[in-house]
Novice: 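If you scroll down you'll find the structure; I have some questions about it.
As the structure is a prediction and not an experimental result, all values here were calculated from the model.
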Amino acid sequence: MAKSEKRKKLSSNAKKALVLCCMVGLLVVTGVLNFVLNSRINNTTDVGNNAGNATAVETFFNSHRSNRETARAEEFSYLDAIIKSESASETVKASAEQKQVELLEFIEKELVLESIIKAKGFEDAVVTMSTNNLNVIVNKAELTSQDVAKIVGAMLSETNYTRNQVYVMSYSV
């Protein structure tokens, strides 16, 4: 009887892990769809109106930051659920705690990097960090090679990413 009970428990834990993975996957898909749809909405604004352009650009950057914060808050919520779960193993809980620390470090560093880019003379920027890469979107119609070098240099000096992990993009309406 103990073996069948143990199998049921493992099966139950596996189901919980699968559901959690699906939730995180749905969260990522939702964030991407939100970003894409907001980009499409912003691209349909009146291009001939400079005030409208400024508003659209401001909306894009604010929307991107908001989406990033929402996705991170949901991820923290899922990680908290794992940590508080009585059925999760200590290894899984420790991994969730480590992921929370990593997310906090990303959030702090993103704010610092955005400020540095603005200090370099760019009107606005959004930085998104992950374990594999660093994405930078700058409020400028076209980036020169000097602009990119300036941004990449600042990112490399402030982080442990390599040049191949830093992606710089321009954004304009």
Side-chain angles (χ1 to χ4, degrees), residues 2-42 57-119 122 124-139 151-152 154-169 171:
K3 280 187 173 181
S4 65
E5 288 177 13
K6 190 172 184 180
R7 285 183 184 161
K8 286 181 182 179
K9 184 176 181 182
L10 290 175
S11 177
S12 175
N13 285 340
K15 287 178 185 176
K16 289 177 185 177
L18 182 62
V19 168
L20 184 62
C21 289
C22 289
M23 286 181 179
V24 171
L26 288 172
L27 173 66
V28 170
V29 169
T30 302
V32 169
L33 285 174
N34 194 8
F35 177 77
V36 169
L37 292 175
N38 280 334
S39 294
R40 287 184 182 173
I41 289 170
N42 288 339
V57 169
E58 184 177 325
T59 300
F60 168 80
F61 284 94
N62 289 337
S63 175
H64 193 286
R65 284 185 188 97
S66 177
N67 292 342
R68 180 183 65 195
E69 290 169 11
T70 301
R72 294 270 170 81
E74 289 178 9
E75 195 168 353
F76 271 109
S77 176
Y78 291 129
L79 293 169
D80 279 336
I82 293 170
I83 293 167
K84 293 176 183 175
S85 172
E86 293 178 11
S87 63
S89 71
E90 291 303 315
T91 305
V92 171
K93 289 180 180 183
S95 176
E97 289 173 346
Q98 180 59 35
K99 183 67 177 171
Q100 280 186 329
V101 170
E102 183 179 276
L103 286 173
L104 285 172
E105 290 171 355
F106 285 162
I107 290 168
E108 291 173 9
K109 191 59 100 170
E110 286 168 349
L111 294 173
V112 169
L113 295 174
E114 288 172 1
S115 297
I116 289 171
I117 292 169
K118 289 177 188 177
F122 297 95
D124 203 355
V126 175
V127 175
T128 306
M129 297 177 75
S130 72
T131 54
N132 298 325
N133 60 15
L134 182 137
N135 297 304
V136 180
I137 303 172
V138 181
N139 181 9
I151 294 168
V152 169
M155 300 301 100
L156 295 178
S157 69
E158 293 292 324
T159 66
N160 293 326
Y161 291 98
T162 65
R163 171 61 187 106
N164 292 337
Q165 294 174 305
V166 178
Y167 300 96
V168 179
M169 298 157 268
Y171 178 84

Novice: Going by the rule side chain to side chain donor-acceptor pair (under 3.5 Å), which residues pair with D80 if we only count those two or more places apart in sequence or in a different chain?
Specialist: Q100
Novice: How far apart are the C-alpha atoms of T70 and N67, what are their side-chain angles, what is the distance that settles it, and do they pass the side-chain hydrogen bond (donor to acceptor under 3.5 Å, both in side chains) test?
Specialist: CA-CA 5 Å; T70 301; N67 292 342; 5.5 Å; no
Novice: Taking only residues two or more places apart in sequence or in another chain, which ones pass side-chain contact (heavy atoms from CB on, under 4.5 Å) with E114?
Specialist: R65, R68, L111, V126, V127
Novice: Whether the side chain of K109 engages the backbone of E158 through a donor-acceptor N/O pair (distance < 3.5 Å, no angle test) should be reported.
Specialist: yes
Novice: Can you name the side-chain contact (heavy atoms from CB on, under 4.5 Å) partners of V92, sequence neighbours left out?
Specialist: I82, A88, S89
Novice: Checking T162 now: which residues fulfil side chain to side chain donor-acceptor pair (under 3.5 Å) with it, not counting sequence neighbours?
Specialist: Q165
Novice: So, using side chain to side chain donor-acceptor pair (under 3.5 Å) as the criterion, who are the partners of Q98 when residues are at least two apart?
Specialist: none
Novice: Please name all residues satisfying side chain to side chain donor-acceptor pair (under 3.5 Å) with S85, sequence neighbours left out, ordered by chain then number.
Specialist: S87
Novice: Sequence neighbours excluded, which residues qualify as salt bridge (charged side-chain N to carboxylate O under 4.0 Å, His left out) partners of E105?
Specialist: none
Novice: Begin from the C-alpha positions of I137 and N135 and carry the test side chain to side chain contact (heavy atoms under 4.5 Å, CB included) through to its verdict.
Specialist: CA-CA 7 Å; I137 303 172; N135 297 304; 5.6 Å; no
Novice: Once you round to the nearest 0.5 Å, how far does CG of L113 lie from CD1 of I151?
Specialist: 11.5 Å
Novice: Tell me, please, which residues at least two apart from I107 pass side-chain contact (heavy atoms from CB on, under 4.5 Å).
Specialist: R72, F76
Novice: Quick one: CG on N160 to CG on L134, what's the gap to the nearest 0.5 Å?
Specialist: 11.0 Å
Novice: Between the main-chain N or O of M155 and the side-chain N or O of T159, is there a donor-acceptor pair closer than 3.5 Å?
Specialist: yes
Novice: What pairs with K118 under salt bridge (charged side-chain N to carboxylate O under 4.0 Å, His left out), at least two apart in sequence or on another chain?
Specialist: D124
Novice: Could you tell me how the ring of F60 sits relative to the ring of Y171: parallel (under 30°), tilted (30 to 60°) or perpendicular (over 60°)?
Specialist: parallel
Novice: Could you report the tightest heavy-atom contact between Y161 and T131, atom names first, then the distance?
Specialist: CE2-O, 4.3 Å
